[in-house]
Amino acid sequence: MVVTRFAPSPTGYLHIGGLRTALFNWLWARKNGGKFILRIEDTDLARNSEEATRAILEAFDWVGLDYDGDVAYQSKRFDIYKRYIDKLLKEGKAYYCYMTKEELDKLREEQIARGERPRYDRRYRDFDGEPPSGVEPVVRIKAPLEGNIVFEDGIKGTITIHADEVDDFIIARSDGTPTYNFVVAVDDALMGVTDVIRGDDHLYNTPKQIIVYRALGLRIPRFYHVPMILNEEGKKLSKRDGALDVMEYKRMGYLPEALLNFLVRLGWSHKDQEIFSLEEMKRLFDPHDINKAPSSYNLSKLDWLNSHYIKNKPNDELLPLLEEFGLYLSDHDRKEILLDALKERAKTLKELAEMAQGILEAPKEYEERALKKVTKGEWKEILERFVELLTAAQPHLPVDFHNLIEEVVREREIGFGKIGQPLRVALTGKLGGPDLADIMAVIGKDEVIRRVNHFIQLFG
RNA sequence: GGCCCCAUCGUCUAGCGGUUAGGACACCGCCCUUUCACGGCGGUGACGGGGGUUCGAGUCCCCCUGGGGUCGCCA
């Protein structure tokens, strides 16, 4: 049985790196028919916010990741942690430290001034005198004084940390609340977590957690430390980089399957394959195949993936998604033609909605470059003849409109472009876009006539 | 700065001692085409540097350089 977990702290929105970590854990659990736990790390009462938790859940919901059981909140498990802390205290594996924050800060300053690494000096480790009054003590765990802490990382291999790199870290604050490295170990053990896949910024936490596991006699899980995602300049991701919030991608018109596909390929690969459905990921993913080097993201690949998934999405699934971008097409009897023509061209849903709007609505303005190119030669007579033919006809399908254009082309012995370009600008105000016949079939005969006549009136 | 981790095209990556170093995105051509896209075809482009080991190193070892992480009563 494989049990994985995603354990964010509720300090803000779910960002892209967090989602990748969640995805890796989710995939590994699902692949093995195991369990995936969502646990909110909110032991620091001063910092957590319910809103942040909601944001994480919302993002999970959007991309379609689920979790087993209820969301676990560490803030509701304080009594459990308390029992384990008392146990360590009683067994002499942890101790009260009466050093104040001020004293600690001073010590650190002095150490830094002396060019030493700042660390607690273990002054209360074997203290048995009279504790100073008026100081609420913290609880510190006794870390080994010598030797190495060695563990096997599923991605990076054997990691060795010298004991003197790990000091007697705090497991309970002076207000009695437990701290991160302690509760993580306790919860992972209690919840039966077998595989911990997390960012490698946690690498140095692992020896600390191993100390807790050992002190408590708990089973140590397997660790996989995933290299960080860097920004496009190869630097560490920061809020200045813009869209880090997962939900921001939704607002920009990205499909969750594209985002997930993009993320899974950041650090993980399977031969030369680029496109992975969720099912394929589930079948093929293995944390051992994760790259050891950090990776930078480049959004143009996300664009490519997104356009791929848009192209392959059935129209009836696109419809409700497009409504979020103000495009209501459900009742439009030519929606299939419109969507088929547009999904080939759009990188995002937002773009698709805008392009549709640009066809459905008569142009408010005409691109200058387009006008210049098109209002030349016989354009006016050509368009007038087209309107004449159109008025007398009863076109419905794209092919009907196409035939009408062809008739003008034959009659006047001109190239298709001679009528196509002016017509296109008259209809949309632009030089580029979907097939003219499709556009006309979508807006219908009357609207075509209206737009062309208006165009002739304006510039003729 | 100490400690830990890492290093193949601009980017994501394949490679697991013998390859013309492969794929994808982006970019540039050509084709398709009424246009813009899509699509097809082709192209530019990488093993950071130096030492070893070996008949033979992108692949193994060491050093350098560069990058990242971490050093909280945050997680």
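Only heavy atoms go into these numbers, but all of them, side chains included; no hydrogens, no water, no symmetry mates. Residue numbers begin at 1 in each chain, while the letters A, B, ... track the order of the sequences.
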**Study point:** Distance-only donor-acceptor test, A:E116 side-chain atoms vs B:G2 base atoms, 3.5 Å
**Key:** no
Review point. Under 4.0 Å between a side-chain N or O of A:T43 and OP1 or OP2 of B:A75?
Key: yes
Practice item. Considering just the side-chain nitrogens and oxygens of A:K430, establish if one lies under 4.0 Å of OP1 or OP2 belonging to B:C36. Key: no
Point to revise | Residue A:N205, side-chain atoms from C-beta onward, closest of B:A75, B:U35, B:C6 | key: B:A75
Practice item. State whether A:T179 places a side-chain N or O below 4.0 Å from either non-bridging phosphate oxygen (OP1 or OP2) of B:G72. Key: no
Check your understanding: For A:G115, which contact category applies under a 4.0 Å heavy-atom criterion: base, sugar-phosphate, or nothing?
Key -> nothing
Exercise for review: Answer with base, sugar-phosphate or nothing: what part of the nucleic acid does A:Y204 contact at a heavy-atom distance below 4.0 Å?
Suggested key: sugar-phosphate
Practice item. Please measure how far the P atom in B:G52 lies from the corresponding atom in B:U13, and state the result in whole Å. Key: 33 Å
Practice item. Would you tell me if any nitrogen or oxygen in the side chain of A:R108 comes within less than 4.0 Å of OP1 or OP2 on B:G72? Key: yes
Check your understanding: OP1, OP2 of B:U35 versus side-chain N and O of A:K373: anything below 4.0 Å?
Key -> no
Check your understanding: Within the modelled atom types, does a donor on one side and an acceptor on the other bring the side chain of A:D272 and the base of B:G22 under 3.5 Å apart?
Key -> yes
Review point. If we call it a pair only when both distances are under 3.5 Å in a Watson-Crick or G-U wobble match, what pairs with B:A14?
Key: none
Point to revise | N/O (side chain, A:N291) to phosphate O (OP1/OP2, B:C6) under 4.0 Å | key: no
Check your understanding: If only side-chain N and O atoms of A:K301 are considered, is one of them under 4.0 Å from the OP1 or OP2 phosphate oxygen of B:A24?
Key -> no
Point to revise | Pairwise C1' distance, B:C55 and B:G43 [rounded to whole Å] | key: 37 Å
Exercise for review: Run the salt-bridge test on A:D168 and A:K142 with the 4.0 Å N-O cut-off and return the result as yes or no.
Suggested key: no
Study note, to complete from the structure: From the candidates B:A75, B:U70, B:C6, the one with an atom nearest any side-chain atom of A:K236 is B:U70
